[in-house]
Colleague: 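Mind having a look at this structure? Questions to follow.
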Amino acid sequence: MFLLQLRNELRKLFGKKRTYLGFGMFLLAQSAFILVLKYGRGPNQSMMRMMQGNGYAAAHFFSNLTVATTTLLATAYVLLPLYVSLVGGDLVAKEAEDGTLRMILSRPISRLRILLIKWLAGVVFSLILILAFAVFGACFSRLFFPEGGLFVSIPWDGVFGVFEGVEGWQRYAAAHLVLTLKACTIMSLAFMFSCFDIKPAAATIVAISLVFISKIMQDTPYFHDMQGWFFTYHMNVWVYFFAAPIPWWKVGESLSILAGFNLTFFLIGSTAFQIRDFKS
Amino acid sequence: MISLRNVRKNFGGQRAVEDLDLQVPAGEIFGLLGHNGAGKSTAIGMMLGQVWPTAGEIRICGHDIISQRQAALRKVGAIFETPVFYDYLSGWRNLEILSHYSAPTSRHRIGEVVEWVGLTGREHSRVRTYSHGMRTRLALAQALLPQPELLILDEPGDGLDPEGIHEMRLTILRLHREMGLTILLSSHLLNEVQQLCTRIAVMKKGRKVFDGPLSAINKSQSWIRLRVNDFPSAVELLRRERLITDEREGSLIAVAPGSGTEHVVRCLVAQGISVYEIAPQEQTLEDSYLDLMKFDGPAPSGKQQLQPSVLATEH
């Protein structure tokens with residue numbers, strides 16, 4: 001019964017055109033990024049210089065895997081929060097606004113269960129979005145770049161990694177998997193606001209604003225000592241899968257904190273939803 | 001089937017429903033009347049567990065709506081004023097989604113209900129292509145899928161053309177006749193209520209101002225049509241003689257308890273006023289409803305009929 005309801009929730013979610021907006025824009029951004037790296041003389045040479053400057057052969061490491069990862073790093077910061085919060089903000093508030101939620105609430109189903117189904121649908125969406133992102137990035141970059149090693153340099157996060165063959169692909173897959181948790185956290189934040197009596201657009205805007213405010217504060221030098229208090233800092237955990245070796249204690253700490261944030265967002269949202277009155 | 005006891009609902013400092021008592025026995029078509037903002041939709045929202053009551057007890061199908069929500073709503077279907085669906089999905093898919101919130105529903109059952117409401121052939125089209133009438137039928141189908149014993153209809157005729165309203169009326173009667181459903185109908189359309197309901201409750205500013213059989217509300221106002229050569233003088237005389245308690249519209253009088261039309265005629269003729277016509281005024285539901293809307297007193301019931309005198313003091 002629960003799975004049946006979840007399937008129906010996914011049908012609702014994936015039946016809407018706006019759900020595909022995120023997929024479309026992501027793919028567009030990835031394509032543009034890959035094409036600029038291939039044909040843009042400046043970016044192309046700059047990347048090769050960085051590899052060679054670190055003592056690695058650009059011919060081997062300027063590969064499809066390196067390009068797909070570079071694309072991921074660039075787009076995951078801005079586009080991902082935007083599209084998952086768009087979907088998270090819609091999950092409850094859009095149905096409340098349209099009036100379909102009243103029909104659901106006249107059924108013998110608890111409010112908590114309704115929310116749980118909707119939240120899980122949001123999680124599935126996040127997972128599929130990241131999966132599509134990973135697969136498309138790998139496939140499209142392969143059209144323009146040869147197979148080779150993975151070269152990753154993220155100086156602002158203190159991450160540097162060089163990996164060969166299978167290990168490179170493993171890191172790529174693991175980073176995407178953990179990136180799903182970032183997507184889920186932002187989706188949960190927007191979902192939480194969506195449970196209040198506000199418009200779907202407002203839920204999305206408030207959520208994304210909080211993400212950006214947290215990120216800005218986290219990156220402000222004066223707040224450097226407090227970085228661990230910002231949830232955006234922990235959402236960045238996925239980049240550590242490109243570090244060698246992986247700082248597992250840091251990963252474990254951030255994953256636990258993110259799980260706590262997700263639970264908190266869900267509980268606040270469900271409390272707000274539980275005490276709400278639904279009227280036409 | 002529906003039982004509300006001392007139910008109250010406040011939205012902030014504003015009282016939306018006040019001390020509402022309502023009993024709807026099984027097998028009845030019960031009308032809930034009142035103008036916009038009277039508290040009908042809030043009351044229905046509370047019956048369906050969508051609005052939390054501030055105080056009071058609500059039992060649906062014998063179960064408390066707050067502590068036994070699932071059991072209370074298991075055999076309930078509901079339709080709201082403007083039927084809304086997932087427009088981008090087909091009617092069939094909408095029915096599947098909505099019915100699965102109650103219980104797994106077989107394709108056979110969905111097909112059966114689709115046929116019953118007359119949507120066969122269009123069930124796989126997207127809802128955005130449906131007319132208002134078809135949406136109403138789809139709303140009815142989703143309400144019927146869990147095989148309800150109680151159907152709550154909140155302004156089901158809203159936005160329908162006269163043909164649609166007629167069809168809706170026939171459907172409600174058919175549901176009552178063929179399935180033996182108990183129906184709670186909230187409506188502005190007095191004519192519909194008059195043709196469908198056996199009992200009604202009238203709400204005004206969150207309070208119930210009438211509750212009883214439809215026949216009682218019609219009998220509750222005993223106005224007499226009086227045509228004379230000088231109506232104002234006749235009224236003055238009859239008031240002086242304490243034979244009437246009220247008058248209105250320049251031709252209607254309310255005869256005082258214990259008096260009869262024969263006393264009125266005798267008195268008028270004795271004072272030289274010509275009486276051309278005296279007859280009981282046929283009271284429509286609309287007349288009674290409008291009278292109730294002027295009345296601000298406590299809720300009378302069908303057993304305690306409203307007297308024109310009561311109304312007169314509150315005008």
Side-chain angles (χ1 to χ4, degrees), chain A residues 1-21 87 90-121 124 195-197 200 270-280, chain B residues 9-11 16 40-42 44-54 60-61 63 65 68-90 93-94 96-105 126-127 138-139 142-143 145-146 148 152 154-155 158:
Chain A
M1 183 73 170
F2 187 84
L3 288 177
L4 196 63
Q5 290 166 348
L6 179 61
R7 188 191 70 183
N8 286 334
E9 198 60 44
L10 290 169
R11 276 178 171 166
K12 280 195 277 179
L13 185 58
F14 286 96
K16 277 189 284 194
K17 278 184 186 155
R18 62 191 291 173
T19 303
Y20 296 97
L21 192 67
V87 168
D90 260 12
L91 279 170
V92 178
K94 187 78 172 81
E95 286 223 41
E97 185 184 58
D98 291 348
T100 46
L101 197 58
R102 274 192 85 195
M103 289 217 288
I104 299 173
L105 285 168
S106 64
R107 301 279 168 182
I109 179 169
S110 71
R111 292 188 181 195
L112 184 65
R113 187 165 168 141
I114 293 171
L115 280 196
L116 194 60
I117 291 163
K118 286 189 172 294
W119 182 78
L120 281 175
V124 172
C195 293
F196 287 83
D197 191 8
S270 58
T271 306
F273 188 73
Q274 190 67 30
I275 59 175
R276 257 181 87 178
D277 288 321
F278 289 89
K279 270 196 77 199
S280 55
Chain B
K9 177 64 190 176
N10 297 343
F11 289 111
K40 304 186 306 289
S41 289
T42 303
I44 287 179
M46 288 192 284
M47 290 175 208
L48 291 168
Q50 299 170 346
V51 174
W52 300 109
T54 306
I60 304 292
C61 302
H63 303 280
I65 191 68
Q68 301 163 295
R69 179 190 162 82
Q70 265 110 316
L73 295 179
R74 191 156 290 136
K75 289 287 174 188
V76 178
I79 300 179
F80 304 107
E81 54 262 68
T82 317
V84 281
F85 292 96
Y86 307 105
D87 280 9
Y88 49 90
L89 299 174
S90 69
R93 185 70 83 213
N94 270 276
E96 264 185 352
I97 289 172
L98 291 167
S99 66
H100 288 161
Y101 284 112
S102 300
T105 311
R126 289 190 181 189
V127 174
L138 189 64
Q142 65 80 27
L145 274 172
I152 295 179
D154 189 4
E155 309 280 359
D158 251 26

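The analysis underlying the following values was restricted to heavy atoms, covering all of them including side chains, and did not include hydrogens, waters or symmetry mates. This is a predicted model, so every value here is computed, not measured.
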Colleague: Between atom CZ of B:F11 and atom NZ of A:K279, what is the distance when rounded to the nearest 0.5 Å?
Modeller: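 Those atoms lie 5.0 Å apart.
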Colleague: Please classify the contact of B:D154 with chain A as side chain, backbone, both or neither, using a heavy-atom distance under 4.5 Å.
Modeller: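 For B:D154, side-chain heavy atoms alone lie under 4.5 Å from chain A.
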Colleague: Does a side-chain heavy-atom distance below 4.5 Å link B:W52 with A:R276?
Modeller: no
Colleague: Do you know which of B:E96, B:Q142, B:K75 has the most heavy-atom pairs under 4.5 Å to chain A?
Modeller: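 Most heavy-atom pairs under 4.5 Å with chain A: B:Q142.
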Colleague: Between A:M103 and chain B, with a heavy-atom cut-off of 4.5 Å, which part of the residue counts as in contact: side chain, backbone, both or neither?
Modeller: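 Backbone plus side chain of A:M103, per the 4.5 Å heavy-atom cut-off to chain B.
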Colleague: Considering only heavy atoms and a distance below 4.5 Å, find which of B:M47, B:R69, B:K9 pairs most often with chain A.
Modeller: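 Heavy-atom pair counts peak at B:R69.
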Colleague: Any idea which of B:T82, B:I79, B:L73 has the most non-hydrogen atom pairs under 4.5 angstrom with chain A?
Modeller: B:L73
Colleague: Can you say whether B:F85 sits under 4.5 Å from chain A via the side chain, the backbone, both, or neither, judging by heavy atoms?
Modeller: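 Contact with chain A is through both the backbone and side chain of B:F85.
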Colleague: Any side-chain to backbone donor/acceptor pair from B:Q50 onto A:R102? Under 3.5 Å, distance only.
Modeller: yes
Colleague: Could you tell me the separation between the OG atom of B:S99 and the CG atom of A:N8, rounded to the nearest 0.5 Å?
Modeller: 8.0 Å
Colleague: Which heavy atom of B:G49 sits nearest a heavy atom of A:R111, and at what distance?
Modeller: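 Smallest interatomic distance, heavy atoms only, reads O-NH2, 3.1 Å.
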Colleague: Are A:F278 and B:V51 side-chain neighbours, meaning at least one heavy-atom pair lies under 4.5 Å?
Modeller: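 No, side chains not in contact.
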Colleague: So does A:R11 have more than 12 non-hydrogen atoms from other groups sitting under 6.0 Å from CZ?
Modeller: yes
Colleague: At a heavy-atom separation under 4.5 Å, does A:L101 approach chain B through its side chain, its backbone, both, or neither?
Modeller: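 Contact with chain B is absent: no heavy atom of A:L101 under 4.5 Å.
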Colleague: Just give me the residue among B:I152, B:V84, B:N94, B:L89 that pairs up with chain A most often, heavy atom to heavy atom, under 4.5 Å.
Modeller: B:V84
Colleague: Specify the closest pair of heavy atoms between B:H100 and A:Q5, including all atoms of both residues, with the distance to one decimal.
Modeller: O-NE2, 3.0 Å
Colleague: Please name the pair of heavy atoms, one in A:S110 and one in B:Q70, separated by the smallest distance, quoted to 0.1 Å.
Modeller: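 That closest heavy-atom pairing would be N-NE2, 4.0 Å.
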Colleague: Which bit of B:A72 comes within less than 4.5 Å of chain A, counting heavy atoms only: side chain, backbone, both or neither?
Modeller: neither
Colleague: Do you know the tightest heavy-atom contact between B:Y88 and A:G15?
Modeller: CD1-O, 3.2 Å
Colleague: Within a strict 4.5 Å, meaning less than it, do heavy atoms of the A:L105 and B:L48 side chains meet?
Modeller: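 Counting from C-beta outward, A:L105 and B:L48 never come under 4.5 Å.
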Colleague: Show your reasoning for whether side-chain contact (heavy atoms from CB on, under 4.5 Å) applies to A:R113 and B:Y101.
Modeller: CA-CA 10 Å; A:R113 187 165 168 141; B:Y101 284 112; over 6 Å; no
